[in-house]
Amino acid sequence: MTARLLIRNAECVVTMDGTRREIAGGDILIDGGVISAVGSGLVAEGAEIVDAKGCVVTPGLVNTHHHLFQTLTRAVPAAQDAALFGWLRTLYPIWGRMGPKDIRISTQLGLAELALSGCTCSSDHLYLFPNGARLDDSIEAATEVGIRFHATRGAMSIGESKGGLPPDALVEEEAAILKDSARLVDAYHDPNPGAMVQVGLAPCSPFSVSRELMRDAAILAREKGVRLHTHLAENDEDIAYSLENFGMLPGDYAESLGWTGDDVWHAHCVKLSPGEIDLFARTGTGVAHCPCSNARLASGIAPVRAMRDAGVPVGLGVDGSASNDSSHLGLEARQAMLVARLKDGPSAMTAREVLEIATLGGARVLGRSDLGSIEPGKRADVVLWDISELPGAGSWDPVATLIFCAPVRPRAVYVEGRAVVDDFQLQTIDPIALNTEARAAVIRLAG
């Protein structure tokens, strides 16, 4: 990490500060991984100078939902045209053949792709641990890529023999889940500003764990001071399962077990009712909006306009690369704008609002008050988007270019003031070697 860095002469700096300032010809001064000044004409003796001419500079994008282990099972033929439950049943046996090395490769592959799409902070939801795999494998792999990592200890405990969806071979004993969850928080969670690794607790879904595990995970998370995450109200099958098995809607079920509050975020929430939206708004419960995955699995269009209007914290998530088949957060932002307009009209979501959701919104959902905007005191997670390339040619609005004309490539991506991407290339790991490993892993898993 460079001790002092001056990013200078940007086409526009999109601050996402309290007034949402956009500074033409803007500069950013970074000291020791923290933003120390933002403005125009800044001078900093001894600083390394980065010329941002031709670039729009934004806060780093924040990914609030992913299953990185799925990056090795993209576009599996038998799962290409299935809805959620059938998709899962097709892929469970393949995932059951994975091991620690596959978890490492898939984690790095997904995070590398995210970094190249302007993401500086990503959560991950790992909920199965076949053949000795552990969450430790993904945490260790993520540190090499260099973006911030929110690892959540997922779990499945109700297999097919007990009425759940996953095969019995992939579920765990609930006492062991809770014990390992406590171990991981103690070993890896950093609660401090600027943390590169944080840990959350994330039983997979209401149809793969018991009421008791959901309740006990919430108790443990609050004892440890960490966040809670799961899937909720993803599609019509999900709603039907909740009504049949719990006698209530998913949001009400979550509330009954302690799964609402400003330390909780739920993925998808495509089918939230108006009452559940109000519940989430009152309690500060967050939502990871995953529009590409929701479309890929034909789950529906989440009521994001209604959520935002009610005050629900909303961030973006690319979801697993087997249900999105890409880990490109810039394209996710564009999709979020388009589906909001498809659902609620052409003015339902602006380019600037969706950029806010992808940055400041995601930081809020993950509980990161130190991220999400470019202003003094915030961590130096910034992206230089090169709009001088062909995707930006002909655009009248440099900021809206990032969404309407996506994908726009980031020339540079800084995390804590360190260049993870520079001159459009990853700086932390070898993408060619990683691609070779990933191709070999796919052949092994397919065999």
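Along the sequence shown, residues are numbered consecutively beginning with 1.
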Next item on the list: Please report the closest heavy-atom contact between Ser256 and Met248, naming both atoms and the distance.
Entry: OG-SD, 4.2 Å

Next item on the list: Keeping the roles fixed (side chain from Glu22, backbone from Val14), state whether a donor-acceptor pair exists under 3.5 Å.
Entry: no

Checklist line | From CH2 (Trp265) to OG1 (Thr285), nearest 0.5 Å | finding: 12.5 Å

Notebook entry, point to check: So, Asp422 side chain and Ala412 main chain: donor-acceptor pair closer than 3.5 Å or not?
Noted result: no

Next item on the list: Would you indicate whether Arg439, at its atom CZ, is surrounded by more than 12 heavy atoms from other residues, nucleotides or ligands within a distance under 6.0 Å?
Entry: no

Note to self: Salt bridge or not between Arg134 and Asp137? Use side-chain N to carboxylate O under 4.0 Å.
What the structure shows: no

Next item on the list: Give a yes or no on whether a salt bridge exists between Arg282 and Asp278, defined as a side-chain N under 4.0 angstrom from a carboxylate O.
Entry: no

Next item on the list: Identify whether the distance between the nearest side-chain nitrogen and carboxylate oxygen of Arg227 and Asp263 falls below 4.0 Å.
Entry: no

Item checked: ring-ring contact (aromatic ring centres under 6.0 Å, His included), paired with His125, selected from His150, His67, His268 -> His67

Next item on the list: Measure the shortest side-chain to side-chain distance between Leu355 and Arg20 over non-hydrogen atoms and say whether it is less than 4.5 angstrom.
Entry: no

Note to self: Could you walk me through whether Leu126 and Leu68 satisfy the side chain to side chain contact (heavy atoms under 4.5 Å, CB included) test, starting with their C-alpha distance in whole Å, then the side-chain angles of each, then the deciding distance to 0.1 Å, before giving a yes or no?
What the structure shows: CA-CA 7 Å; Leu126 181 58; Leu68 286 163; over 6 Å; no

Note to self: Test of understanding: with ring pair (Phe, Tyr, Trp, His ring centres under 6.0 Å), list the residues that count as partners of Phe404, not counting sequence neighbours.
What the structure shows: none

Next item on the list: Keeping the roles fixed (side chain from Arg364, backbone from Val314), state whether a donor-acceptor pair exists under 3.5 Å.
Entry: no

Notebook entry, point to check: So do Val38 and Pro376 actually touch side chain to side chain, heavy atoms under 4.5 Å?
Noted result: yes

Margin query: Run the salt bridge (Lys or Arg N to Asp or Glu O under 4.0 Å) test against Arg21 and tell me which residues pass, sequence neighbours left out.
Written below: Asp17

For a quick test of your reading: what N or O donor-acceptor pairs under 3.5 Å do the side chains of residues 188-203 make, sequence neighbours left out?
unit_1 : atom_1 : unit_2 : atom_2 : d
Tyr188 : OH     : Asp136 : OD2    : 2.8
His189 : ND1    : Val199 : N      : 3.0
Asp190 : OD1    : Asn192 : N      : 3.0
Asp190 : OD1    : Asn192 : ND2    : 2.9
Gln198 : NE2    : Asp190 : O      : 2.9

Next item on the list: Heavy atoms only: give me the nearest Met307-Ile277 pair and the separation to one decimal.
Entry: CA-CG2, 4.1 Å

Margin query: Would you say that more than 12 heavy atoms from the other residues, nucleotides or ligands in this model lie under 6.0 Å from the NZ of Lys101, or not?
Written below: no

Check: Heavy-atom distance under 4.5 Å between the side chains of Leu116 and Pro410, does that happen here?
Finding: no

Margin query: Is it the case that the side chain of Asn435 and the backbone of Pro431 share a donor-acceptor pair, with hydrogens and angles ignored and the cut-off at 3.5 Å?
Written below: no

Item checked: Selection residues 272-318 - residue pairs positive for ring pair (Phe, Tyr, Trp, His ring centres under 6.0 Å), sequence neighbours left out -> His266-Phe280

Item checked: No-hydrogen, no-angle side-chain donor-acceptor test under 3.5 Å, Ser323 and Ser293 -> yes

Notebook entry, point to check: Do you see a donor-acceptor pair shorter than 3.5 Å between the side chains of Ser327 and Ser321?
Noted result: yes

Notebook entry, point to check: Would Ser36 and Leu29 satisfy side chain to side chain contact (heavy atoms under 4.5 Å, CB included), going step by step from the backbone distance to the final call?
Noted result: CA-CA 6 Å; Ser36 57; Leu29 180 61; 3.3 Å; yes

Margin query: If only side-chain N and O atoms count, and only distance matters, is there a donor-acceptor pair under 3.5 Å linking Glu174 with Ser157?
Written below: yes

Margin query: Counting C-beta onward and ignoring hydrogens, is there a side-chain heavy-atom pair between Asp180 and Phe129 closer than 4.5 Å?
Written below: no

Notebook entry, point to check: Salt bridge check: are Glu276 and Lys271 linked by an N-O gap of less than 4.0 Å?
Noted result: no

Check: Can you tell me how far the CG atom of Leu84 sits from the CG atom of Leu165, to the nearest 0.5 Å?
Finding: 7.5 Å

Checklist line | Residue pair Ser205 / Tyr127, side-chain heavy-atom distance below 4.5 Å | finding: no

Margin query: How close do Thr71 and Ser106 get, counting heavy atoms only, and between which atoms?
Written below: OG1-O, 3.4 Å

Next item on the list: Evaluate the side-chain proximity of His231 to Asp238: yes if any heavy-atom separation is below 4.5 Å, no if none is.
Entry: no

Checklist line | ring pair (Phe, Tyr, Trp, His ring centres under 6.0 Å) contacts in which one or both residues fall within residues 360-380, not counting sequence neighbours | finding: none

Notebook entry, point to check: Do Glu332 and Asn63 get their side chains close enough for a donor-acceptor pair, meaning under 3.5 Å?
Noted result: no

Next item on the list: Identify, with sequence neighbours excluded, every residue that meets salt bridge (Lys or Arg N to Asp or Glu O under 4.0 Å) alongside Arg444.
Entry: Asp102

Notebook entry, point to check: Taking Trp259 for the side chain and Met214 for the main chain, is one N or O donor matched with an acceptor at less than 3.5 Å?
Noted result: yes

Margin query: If we ignore hydrogens and angles and just use 3.5 Å, is the side chain of Asp381 paired with the main-chain N or O of Glu416 as donor and acceptor?
Written below: yes

Next item on the list: Sequence neighbours left out, what passes side-chain contact (heavy atoms from CB on, under 4.5 Å) with Ile219? Give chain and number order.
Entry: Arg215, Asp216, Glu223

Item checked: Exercise: identify the closest heavy-atom pair between Val318 and Asn324 -> O-ND2, 2.9 Å

Check: Taking side chain as C-beta onward, heavy atoms only, is Arg305 less than 4.5 Å from Asp309?
Finding: yes

Next item on the list: Please identify each residue that fulfils ring pair (Phe, Tyr, Trp, His ring centres under 6.0 Å) with Trp385, with sequence neighbours left out.
Entry: none

Check: What heavy-atom pair brings Gly118 and Val383 nearest, and what distance separates the two atoms?
Finding: O-CG2, 3.3 Å

Note to self: Between Asn235 and Leu297, does the side chain to side chain contact (heavy atoms under 4.5 Å, CB included) criterion hold? Intermediate values first, please.
What the structure shows: CA-CA 9 Å; Asn235 69 1; Leu297 297 176; over 6 Å; no

Check: Which atom names give the shortest non-hydrogen contact between Ile105 and Ala438, and what distance separates them?
Finding: CG2-CA, 3.8 Å

Item checked: ring pair (Phe, Tyr, Trp, His ring centres under 6.0 Å) partners of His66, counting only residues at least two apart -> none

Item checked: Partner set under side-chain hydrogen bond (donor to acceptor under 3.5 Å, both in side chains) for Arg409, not counting sequence neighbours -> Glu389

Next item on the list: For Asp124, check salt bridge (Lys or Arg N to Asp or Glu O under 4.0 Å) against everything at least two apart and list the hits.
Entry: none

Item checked: Basic-acidic side-chain contact under 4.0 Å: Arg104, Glu144 -> no

Check: Is the closest side-chain heavy-atom distance between Thr15 and Glu375 below 4.5 Å?
Finding: no

Item checked: Step-by-step side chain to side chain contact (heavy atoms under 4.5 Å, CB included) determination, Tyr92 to Met156 -> CA-CA 12 Å; Tyr92 280 141; Met156 299 189 295; 4.0 Å; yes

Notebook entry, point to check: Which residues satisfy the salt bridge (Lys or Arg N to Asp or Glu O under 4.0 Å) test with Glu172, sequence neighbours excluded?
Noted result: Arg153

Next item on the list: Have a look at Asp319 and tell me which of His65, Arg296, Gln70 forms a side chain to side chain donor-acceptor pair (under 3.5 Å) with it.
Entry: His65

Notebook entry, point to check: Within the distance-only criterion (no hydrogens, no angle test), does the side chain of Ser208 pair as donor or acceptor with the backbone N or O of Ile158 below 3.5 angstrom?
Noted result: no

